[in-house]
There are 2 protein chains.
Amino acid sequence: MSKGRVTVIDIAHAAGVSKSTVSLVLQGSSLVNEATRAKVNVVIRELGYVYNRGAANLRQAKSKIVGIVVNDLTNSFFAELAVGVDMVVQSAGYVQFLSNTGESVDRQREVVASMREHGISGLIVSPARGTEAADFKPLTNAGIPVVIVVRNIPGAKVSSLVSDNFAGASAAVEHLAGLGHRRIAFMGGFANTAVFAERLGGYREALAKAEIAFDDDLVVATAPSRAGGVEAVGRAMLLAHKPTAAVCFNDAVAFGVCDGLRARRLEPGVDFAVVGFDDVIEAESAVPALTTISVDPQGMGRRAAQLLLKQVNSGKVEAEAIVSAVRLVVRQSSGAGLDTTARRAVS
Amino acid sequence: MSKGRVTVIDIAHAAGVSKSTVSLVLQGSSLVNEATRAKVNVVIRELGYVYNRGAANLRQAKSKIVGIVVNDLTNSFFAELAVGVDMVVQSAGYVQFLSNTGESVDRQREVVASMREHGISGLIVSPARGTEAADFKPLTNAGIPVVIVVRNIPGAKVSSLVSDNFAGASAAVEHLAGLGHRRIAFMGGFANTAVFAERLGGYREALAKAEIAFDDDLVVATAPSRAGGVEAVGRAMLLAHKPTAAVCFNDAVAFGVCDGLRARRLEPGVDFAVVGFDDVIEAESAVPALTTISVDPQGMGRRAAQLLLKQVNSGKVEAEAIVSAVRLVVRQSSGAGLDTTARRAVS
DNA sequence: CTGTTAGCGCCTTCAC
DNA sequence: GTGAAGGCGCTAACAG
């Protein structure tokens, strides 16, 4: 409070010990006498000493800082992800640098560089569109572990956490079969994409497990949009043997399917069960009584952070470890459109 | 890549100059010969040098790091706020430590302490419930500016950014009067709170400006909840001279008012105009055709960051500067409940 | 168990 | 314009 910041040397002086002793008590070392430790701690409190982690980091050539960069924090999926990361990072005594790229690879490059200069010991990144595998090469070369989440970067030699499309679709079908449905359609999505293939694969496997014959007519590929959903349900309802439920490629499609059902005087969730992959998380409450399959973003964040910290602590950066995270969410929203998951008030 | 990290001394050696010269080019000083600068920059790139900000911070006893702590990042209001902060912070060459407290004052204390140890040069905080003015004393004593956002902490001698309830309510009335309404009710909220008084004040002032007589019957205080909204509209509709529009204490009330209108076979937004303070941001798309008044969280974040950086750069910490930020948002949502503000897909 | 001695990588006087 | 020291606050060896 008087002159400049108080340092270890000040408190060593005041406590009548040497700086190293002070340093040891700061690190909670057991190599120091209980009485001395107590005395030092008292002085620390009295002088209002604050530990300078920067100096320690410099000396030890390592830090307890991790970087997390997301492409769109405005999307609550990523916000939840960041919260999940923060939870484990915090309780591990780390702090997180968080940056938002807004889907700009340039900005991403900047913030990653900045974080590196600040000495992050690991990085979790939900890459902006257009990110290349080479973009993280400098980090991994320097022995800084990187965990990519949500989107996969083919060829990047780092750990990735992406949703398990196969298991998700499978869980959706299982859920519907459990409700007694036998005519379950798969609606929406472009058939020539990898994601479509994975989700369809999960769908087929779960059908087989439930001993339901696969019917090609029930797979209705359309654009992965709301309009696509409307189109899909329209086509499905032309079938002689109509479906009673549908797994939708994503929730946009699911919304469209609901629209289409209502146009036919059918009530989604009552007359016809709809399950959608929850890719557009933000809109979750827009259509009540809709069941969705989604990865739990917070859980994904936690897993990403654990994965990262494991590598940080072991000093080993992993290469090409694809892990998966999926959760089945059955939403119990009220017809009013405001359910128990509605957020807390601000003020 | 070969042995340890490359430092200024390495590049000085390789470029045939001294470390100080390197240091000068790193800082973009004009005191260095153009040719030398170029050569040094080449070597820097060749050796893959990365600047060690930690060391620089230590030496200069300052950092380009700001802390931001929010009480609930899961609430998209705060996520947007963080994005706003990030924007200005990033372009000012700073990085942000972000932490989530989840409304825990203990956690808040921890993260703030941790940030301090890491040498933040400023802090933006949306305080957890129960935060006391004294909690930020250590920071301000150390000359570290603090900006409190969203919630006010009475007695805290720091800058605060809160929404301008008076101006917001006023803008709402103005909006409704502009649409031709003359019987505008004020619905919901407990009459004995400061926030209620402020919003009601703005309502009254705007009425006066629009030359509409204030009618006590049109102020219907109820619980600031959905049920309260239902109750409020019920009571208002018993009046001989019924309202044709309402400013609602918050959006929960507004939802209830809409519920109540529908129960009376009235269509909100068509037969009866409803404007609500958007305190529960997350539910924005739950009730289509609802007009809301809200502070723009991103804008608030940007202003907070600007305010903070101004203090950081000037070295002056401000005390007790209450500023306000309000924006009128007229939502144009489609009847389907999914509007153009729906978020981007994740994958 | 505690003190002494060197730096971590950078920036800042000061000479040259 | 450039080089030579010294030190920011801390910790990692060693001694004692």
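As the structure is a prediction and not an experimental result, all values here were calculated from the model. Chain A is the first sequence line, chain B the second, and so forth, proteins listed ahead of strands; every chain is numbered from 1. Scope of the values below: all heavy atoms of this structure, side chains included, with no hydrogens, waters or symmetry mates.
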Take F97(A) and I68(A), measure what side-chain contact (heavy atoms from CB on, under 4.5 Å) needs, and give me the verdict at the end. CA-CA 6 Å; F97(A) 273 135; I68(A) 162 162; over 6 Å; no

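Note: NE2 (H13(B)) to C1' (dG9(C)) measures 17 Å, nearest angstrom. Between the CD atom of Q60(B) and the C1' atom of dC8(D) there is a distance of 10 Å, given to the nearest Å. Across the protein-nucleic acid pair, K62(B) atom NZ and dG9(D) atom C1' stand 18 Å apart, rounded to whole Å. The distance between atom CG of L31(B) and atom P of dT12(C), rounded to the nearest whole Å, is 12 Å. Note: CG (L58(A)) to P (dG9(D)) measures 12 Å, nearest angstrom. In this structure, CD1 of I9(B) is placed 13 Å from P of dC11(C), rounded to the nearest angstrom. In this entry the distance linking CG of N57(B) with P of dC8(C) reads 19 Å, nearest Å. If you measure from atom CG of L47(B) to atom C1' of dG9(C), you get 16 Å, rounded to the nearest angstrom.
Among the protein residues, A61(B) comes within range of no part of the nucleic acid, since none of its heavy atoms lies under 4.0 Å from any strand.
Looking at which nucleotide of DNA chain C each of K19(A) and E34(A) is closest to, the 5′-most match is held by E34(A).
S23(B) contributes no side-chain N or O that forms a donor-acceptor pair with the base of dT12(C) under 3.5 Å.
Residue R59(B) has its side chain nearest to dC10(C) when only dG9(D), dG1(D), dC10(C) are considered. Which of dT2(D), dG9(D), dA12(D) sits closest to the side chain of R5(A) comes down to dG9(D). The side chain of V17(B) lies closest to dG3(D), out of dT2(C), dG3(D), dC10(C).
Dashed line: the shortest gap from a side-chain N or O of T7(B) to OP1 or OP2 of dG9(C) is not under 4.0 Å. Contact annotation: T21(A) does not reach the phosphate of dT2(C) (side-chain N/O to OP1 or OP2, under 4.0 Å). Proximity of T36(A) to the phosphate of dT2(C): a side-chain N or O atom is located under 4.0 Å from OP1 or OP2.
Panel note: side chain Q90(B), backbone V95(B); no donor-acceptor pair is recorded below 3.5 Å. The closest donor-acceptor contact from the side chain of S121(B) to the backbone of S63(B) lies under 3.5 Å.
Taking all atoms of both residues into account, the shortest heavy-atom contact from R129(B) to V105(B) is O-CG1, 3.3 Å.
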